[in-house]
Amino acid sequence: MSRLLISRNKDLKALLEDGYEVAINSGHLLLYNVPYVNADKQVKRGTLVSVLDLNGDETIKPKNHIAFFDGEHPCDRSGNKLRVLEHSSGRKDLGNGLVVHHSFSAKPNDGIGYRDYYHKMTTYAELISSPARAIDSDVSARTHIVVDCDDIDTPFNYVDSASTRAGIAAITGKLQLDKVGIIGLGGSGSYVLDLIAKTPVREIHLFDGDEFLQHNAFRSPAAPSLETLRKKLKKVEYFAAQYAPMRNGIIQHAEHIDEENLYLLDGMNFAFICIDDGEAKKPIAEALERSEVPFVDVGMGIYETEGSLGGVLRVTTSIPSQRDHFRRHVSFESRVDDDEYSQNIQIADLNALNAALAVIKWKKLFGFYSDFANEYSCHYTIDGNVITNPDG
């Protein structure tokens with residue numbers, strides 16, 4: 001991705017053509033081997049780093065003037081810190097093995113800011129390396145060394161600039177699991193997919209044997225056309241196509257999981273169970289437990305009362321060290337006529353909330369979010385807007 005991205009943008013390509021060692025890593029632009037002087041008046045080399053602002057596969061004007069540096073703090077030829085650069089120091093993990101130790105702040109004097117990344121990176125490179133050239137006139141950041149293929153192991157078709165701009169690429173990297181399964185692509189399952197698709201999970205496996213029909217359109221993300229509905233695509237086919245422009249690694253399984261095909265769950269790092277039939281849910285949960293796979297089960301009990309809707313959303317988490325509570329909250333019985341689930345009322349906003357609560361818990365389990373309470377069951381009651389954690 002990165003080599004192609006460089007070739008498509010004049011400012012990045014100009015850096016490469018001028019002989020700088022250019023690479024892209026986790027949404028950051030890198031210039032390797034920038035010479036500088038350290039506090040001992042020795043000439044060293046470090047890596048200059050900038051967040052890369054993009055619109056698709058095109059660079060846009062840098063939104064801020066801050067740059068990072070991997071190396072000692074650059075000094076003048078006498079070993080004094082370059083105050084023109086000084087901003088802050090301290091180890092910072094930017095993700096995908098990219099670690100920096102300083103941030104620099106050098107604004108252009110014109111009040112307009114950096115025009116493009118060629119302007120930004122060459123300005124910083126000159127500020128950093130000019131004292132080194134005063135000691136050794138032969139040193140330069142323009143090494144004319146071509147960096148080997150630096151494509152990033154990512155499922156995305158374009159850079160996750162949201163994480164890099166927020167400075168959380170390293171935290172987001174905690175979610176780079178090999179395989180996550182979503183069992184059931186109804187209202188809640190489809191919103192789980194929408195949220196998981198925006199994380200660096202390498203493979204998202206979709207399990208559902210049903211067709212995507214008109215009623216599904218009103219409780220799922222996006223807005224399918226009438227022409228699309230007439231095709232009666234399988235849900236897995238429809239949803240995989242929706243997210244294909246953004247990412248790869250969405251694996252379709254156009255079948256329901258049952259006793260005969262539980263092997264399809266082999267190798268999962270995590271699973272979301274998003275089906276409402278307790279009897280069908282039982283062998284799935286048991287298979288995941290046997291394989292020591294952590295999973296989350298979602299459920300909605302929505303009913304009509306005095307002309308309004310009420311009910312409860314449930315998210316129940318099961319991990320190898322915490323399984324006993326699961327059967328207290330999740331029924332393995334089929335729906336019966338007097339069960340509040342029997343109407344199967346599905347509302348898009350509630351489906352989205354149910355999915356969001358499940359995905360937030362998944363992110364907690366893998367260290368993306370803090371999790372001081374370590375709750376394993378979460379209930380949201382519509383009337384009163386109350387969230388309780390029975391197994392916190």
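Positions are given from 1, in the same order as the sequence printed here. All values below were derived from every heavy atom in this structure, side-chain atoms included, with hydrogens, water molecules and symmetry-related copies excluded.
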Q: Answer yes or no: is there an ion pair linking Arg83 with Glu86, defined by an N-O contact shorter than 4.0 Å?
A: yes
Q: Find out whether Asp194 and Gln242 are in side-chain contact, i.e. whether some heavy atom of one side chain is under 4.5 Å from a heavy atom of the other.
A: no
Q: Inspect the surroundings of CZ in Arg323 and state if more than 12 heavy atoms from other residues, nucleotides or ligands are less than 6.0 Å away.
A: yes
Q. Under 4.0 Å between a Lys/Arg side-chain N and an Asp/Glu carboxylate O for Lys10 and Glu17?
A. no
Q) Strictly under 6.0 Å, is that where the ring centroids of Phe272 and Tyr191 end up? A) no
Q | same_hphob_cluster(Tyr32, Ile145) at 4.5 Å side-chain heavy-atom cutoff | A | no
Q.
Would you say that Leu262 contacts Arg290 through its side chain, given a criterion of any heavy-atom pair below 4.5 Å between the two side chains?
A. yes
Q) Distance only, no hydrogens: is a donor on one side chain within 3.5 Å (strictly under) of an acceptor on the other, for Asp53 and Tyr117? A) yes
Q. Rounded to the nearest 0.5 Å, what separation is found between the CG atom of Asn33 and the CZ atom of Arg142?
A. 15.0 Å
**Q.** Working for side-chain contact (heavy atoms from CB on, under 4.5 Å), residues Tyr158 and Leu54
**A.** CA-CA 9 Å; Tyr158 43 86; Leu54 297 164; over 6 Å; no
Q. Donor-acceptor pair, Arg202 side chain versus Gln176 backbone, under 3.5 Å?
A. yes
Q) Is atom CZ of Arg115 surrounded by more than 12 heavy atoms (other residues, nucleotides or ligands) closer than 6.0 Å? A) no
Q. When rounded to the nearest 0.5 angstrom, what distance separates CZ in Phe368 from CD1 in Ile360?
A. 10.0 Å
Q: Look only at the side chain of Ser190 and the backbone of Gly187, and say whether a donor-acceptor pair between them is shorter than 3.5 Å.
A: yes
Q. Hey, does Phe295 have a side-chain heavy atom less than 4.5 Å from the side chain of Ile284?
A. no
Q: Taking the side chain as every heavy atom from C-beta outward, state whether Ile6 and Leu15 have any atom pair closer than 4.5 Å.
A: no
Q) In Å and rounded to the nearest 0.5 Å, what is the CG to NZ distance from Leu213 to Lys235? A) 7.5 Å
Q: State, with a plain yes or no, whether a side-chain heavy atom of Glu211 is found less than 4.5 Å away from one of Tyr238.
A: no
Q) Quick one: does Ser129's side chain have a donor or acceptor within less than 3.5 Å of a partner on Ala132's backbone? A) no
Q.
So that I know where these two stand, are His73 and Phe104 an aromatic pair - ring centroids less than 6.0 Å apart?
A. yes
Q | Whether over 12 other heavy atoms sit under 6.0 Å from Glu286 CD | A | yes
Q.
Can you tell me how far apart CG (Asn354) and CD1 (Ile347) are? Round to the nearest 0.5 Å.
A. 12.5 Å
Q | Distance-only side-chain donor-acceptor flag, Tyr376 / Asn389, under 3.5 Å | A | no
(Q) Quick one about Tyr114 and Asn64 (side-chain donor to acceptor, distance below 3.5 Å, no hydrogens or angles considered), yes or no? (A) no
Q) Between Lys120 (side chain) and Ala67 (backbone), is there a donor-acceptor pair under 3.5 Å? A) no
Q) How about Phe239 and Phe212: are their ring centroids closer than 6.0 Å? A) yes
Q) More than 12 foreign heavy atoms under 6.0 Å from NZ of Lys13: is that the case here? A) no
Q: May I ask you to decide if Glu333's main-chain N or O and Ser331's side chain share a donor-acceptor pair within less than 3.5 Å?
A: yes
**Q.** Greater than 12 external heavy atoms within 6.0 Å of Tyr263's OH
**A.** yes
(Q) Can a donor-acceptor pair be found, under 3.5 Å and without considering hydrogens, that links the side chain of Lys234 to the backbone of Gly209? (A) yes
Q | Hphob cluster co-occupancy, Leu264 + Leu185, side-chain heavy atoms under 4.5 angstrom | A | no
Q: Compare all side-chain heavy atoms of Val139 with those of Arg45 and state whether any distance is below 4.5 angstrom.
A: yes
Q) How about Asn96 and Asn25: does a side-chain donor come under 3.5 Å of a side-chain acceptor? A) yes
Q.
Please say yes or no: joined through hydrophobic side-chain contacts below 4.5 Å, possibly via intermediate residues, are Ile302 and Leu357 part of one cluster?
A. yes
Q) Does Val293 belong to the same Ile/Leu/Val/Met/Phe/Trp/Tyr cluster as Phe332, with side-chain heavy atoms less than 4.5 Å apart forming each link? A) yes
Q.
Run the side-chain contact (heavy atoms from CB on, under 4.5 Å) test on Trp362 and Leu177 for me, step by step, so that the C-alpha distance in whole Å, both residues' side-chain angles and the decisive distance to 0.1 Å come before the verdict.
A. CA-CA 11 Å; Trp362 167 67; Leu177 308 184; 3.7 Å; yes
Q) Is Lys198 paired with Asp160 through a side-chain N to carboxylate O contact shorter than 4.0 Å? A) no
Q. Just how far is it from atom CG of Asn216 to atom CG of Leu233, taken to the nearest 0.5 Å?
A. 11.5 Å
Q) In terms of hydrophobic clusters joined by side-chain contacts under 4.5 Å, are Ile182 and Leu265 together? A) no
**Q.** Flag, side chain of Arg247 to backbone of Thr199, donor-acceptor distance under 3.5 Å
**A.** yes
Q. Do His101 and Ser89 pass the side chain to side chain donor-acceptor pair (under 3.5 Å) test, and can you show the C-alpha distance, the side-chain angles, and the key distance before you say yes or no?
A. CA-CA 6 Å; His101 296 87; Ser89 296; over 6 Å; no
**Q.** Pair Asp371 + Lys363: basic N to acidic O under 4.0 Å
**A.** no
Q: Could you walk me through whether Asp11 and His119 pass the side chain to side chain donor-acceptor pair (under 3.5 Å) test, one step at a time?
A: CA-CA 8 Å; Asp11 52 348; His119 184 203; over 6 Å; no
**Q.** Minimum side-chain heavy-atom gap Leu29-Thr59 below 4.5 Å
**A.** no
Q) Is it true that atom CG of Asn55 has more than 12 heavy atoms of other residues, nucleotides or ligands lying nearer than 6.0 Å? A) no
Q. If you count the non-hydrogen atoms of other residues, nucleotides and ligands that lie under 6.0 Å from CG in Asp383, is the total more than 12?
A. no
(Q) Looking only at the side chains, is there a donor atom on one of Tyr118 and Asp18 sitting less than 3.5 Å from an acceptor on the other? (A) yes
Q: Evaluate the side-chain proximity of Leu313 to Leu350: yes if any heavy-atom separation is below 4.5 Å, no if none is.
A: yes
Q.
Assess, by modelled atom type and distance only, whether the side chains of His256 and Asn261 contain a donor and an acceptor separated by less than 3.5 Å.
A. no
Q | Asp324 atom CG: more than 12 heavy-atom contacts under 6.0 Å | A | no
Q.
Once you measure the plane-to-plane angle for Phe207 and His253, does it fall in the parallel (<30°), tilted (30-60°) or perpendicular (>60°) bin?
A. parallel
